[in-house]
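Just so it is clear, the values below take in all heavy atoms, side chains as well, and ignore hydrogens, waters and symmetry mates. Since the model is a prediction, treat every value here as computed from it, not as a measurement. In the text below, chain A, chain B and the rest are named by the order of the sequence lines, each starting its count at 1.
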Protein chains: 2
Amino acid sequence: MGDIQPFLDALDRGGYRLTGPRRAVAGLIAERNGHFSAADLVTDARHDGAEVGRATIFRVLELFAELRVVERIDLPSGAHAYVGCAPEHHHHVVCSRCGRSQEVHDLGIGAIADEVARSTGFHVDGHRLELWGICPTCLLADGSGAPVRSSSRLRGS
Amino acid sequence: MGDIQPFLDALDRGGYRLTGPRRAVAGLIAERNGHFSAADLVTDARHDGAEVGRATIFRVLELFAELRVVERIDLPSGAHAYVGCAPEHHHHVVCSRCGRSQEVHDLGIGAIADEVARSTGFHVDGHRLELWGICPTCLLADGSGAPVRSSSRLRGS
DNA sequence: ATTTTTGCAAATCATTTGCATATAT
DNA sequence: ATATATGCAAATGATTTGCAAAAAT
């Protein structure tokens, strides 16, 4: 469903070779519309009959993260996961029920970072905001047993 | 140097038993003034001759996290780490050089979360802001290597 | 032709679990 | 006394690595 092009462009832009396995992983990511773990992709690949080894999946994921077309996030449970995304700086809201995620662009976090820098004396050079909740679709579907990927105790406000 | 009391209070408040190993782990955490990994504590314990098994350290850490006197954070490298802290909701700025961390209280993030909720339709029920940078001490010490006690691996970037 | 990538299997870490024993209430 | 907590060692899981073979430029 998603487009593979952004991934290919990123590889090209970074001067990396456009290989079969990389196309395959890009495809697997594009097929998903929520977060996923490296293990998920390994399973998907095996299922789709794609010829991609586990190690390669980890390597491609790392590469894509470096190219910013994939972001490594953390679920409320503390587990690691990834989401495909546009390469500009941004953050995500991820649904605790179905895993769907959506990008959210800077809404004043930069100002907060500045404020923190001023009040603590730190030279703040990076930040990450993770937001969790229930997506519109799940809110509608409500009680019905919608697919859940990982739910655990939620942290935060 | 840190105080053990807050940890003991938390245990009491939660109705958990005040055991030797728990005191020991609280002590190890209090001795640190930056983030640490579970493995760090295992090492510290062995070094200090404290009688605490690895499994227990993980269990106590999980318990403290649940009691909110410890927070599980993620380093820029993606590695998991913990920091001891006050039980109210807050966030941390962590120094990429020495690992020292400082709490920062809500500076308008709640408003941002509301804004995100309104614009995406998500029912936002949790968030976490992680800020990374260089702490005042390291800024002064600058290039010279005079950091605090180093925590496991602090892979750069 | 050369350099980069892959796959595999083995190696590393991190974290968890079962279960008998020890301990705090 | 009794429910909880601990230790150990083995079991899981996740991620990484060495290296020869395969593919992209």
Next on the checklist: In this structure, how many angstroms lie between the P atom of D:dT4 and the CZ atom of B:R23, rounded?
Outcome noted: 20 Å

Next on the checklist: Without decimals, in angstroms, what is the distance between B:L18 CG and C:dA24 P?
Outcome noted: 10 Å

Checklist entry - To the side chain of A:A55, which of C:dT15, C:dA9, D:dA23 is closest? => result C:dA9

Next on the checklist: I need the minimum non-hydrogen distance between A:E103 and A:C85, along with the two atoms involved.
Outcome noted: OE2-CB, 3.0 Å

Item to check | C:dT5 phosphate, OP1 or OP2, under 4.0 Å from A:R22 side-chain N/O | outcome: yes

Checklist entry - Rounding to a whole Å, what distance do you find between A:D12:CG and C:dT4:P? => result 16 Å

Checklist entry - Are B:Y82 and B:Y16 connected, step by step, through hydrophobic side chains (Ile, Leu, Val, Met, Phe, Trp, Tyr) whose heavy atoms are closer than 4.5 Å? => result yes

Checklist entry - Have B:T43 and B:D40 got a donor and an acceptor in their side chains that come within less than 3.5 Å? => result no

Next on the checklist: From CD of B:E51 over to P of C:dA22, roughly how many Å is that when rounded to an integer?
Outcome noted: 15 Å

Item to check | Residue whose nearest DNA chain D nucleotide is more 5′ - B:V52 or A:T19 | outcome: B:V52

Checklist entry - Taking only side-chain nitrogens and oxygens of B:T56, does any of them come within less than 4.0 Å of OP1 or OP2 of D:dA5? => result no

Checklist entry - B:E62 has an atom CD; how far is it from atom P of D:dT4, in whole Å? => result 16 Å

Item to check | Listed nucleotide nearest any side-chain atom of B:P21, set D:dT15, D:dT6, C:dT15 | outcome: D:dT6

Checklist entry - Does a donor on one side chain and an acceptor on the other come within less than 3.5 Å for A:H127 and A:H91? => result yes

Next on the checklist: Is the phosphate of C:dC8 approached by A:R59 (side-chain N or O, under 4.0 Å from OP1 or OP2)?
Outcome noted: no

Next on the checklist: Distance check needed: D:dA3 P versus B:R17 CZ, whole Å only.
Outcome noted: 10 Å

Next on the checklist: Counting only side-chain heavy atoms from C-beta out, which of C:dT15, C:dA14, D:dA14 sits nearest to A:F58?
Outcome noted: D:dA14

Checklist entry - Shared ILVMFWY cluster between A:F7 and A:F58, side chains joined below 4.5 angstrom? => result no

Next on the checklist: Between B:S37 and C:dA14, is there a contact of a side-chain N or O with OP1 or OP2 at under 4.0 Å?
Outcome noted: no

Checklist entry - Expressed in angstrom and rounded to an integer, what is the separation of A:R54 atom CZ from D:dT15 atom C1'? => result 9 Å

Item to check | Nucleotide C:dT16, atom C1' - distance to CD1 of B:I57 in whole Å | outcome: 15 Å

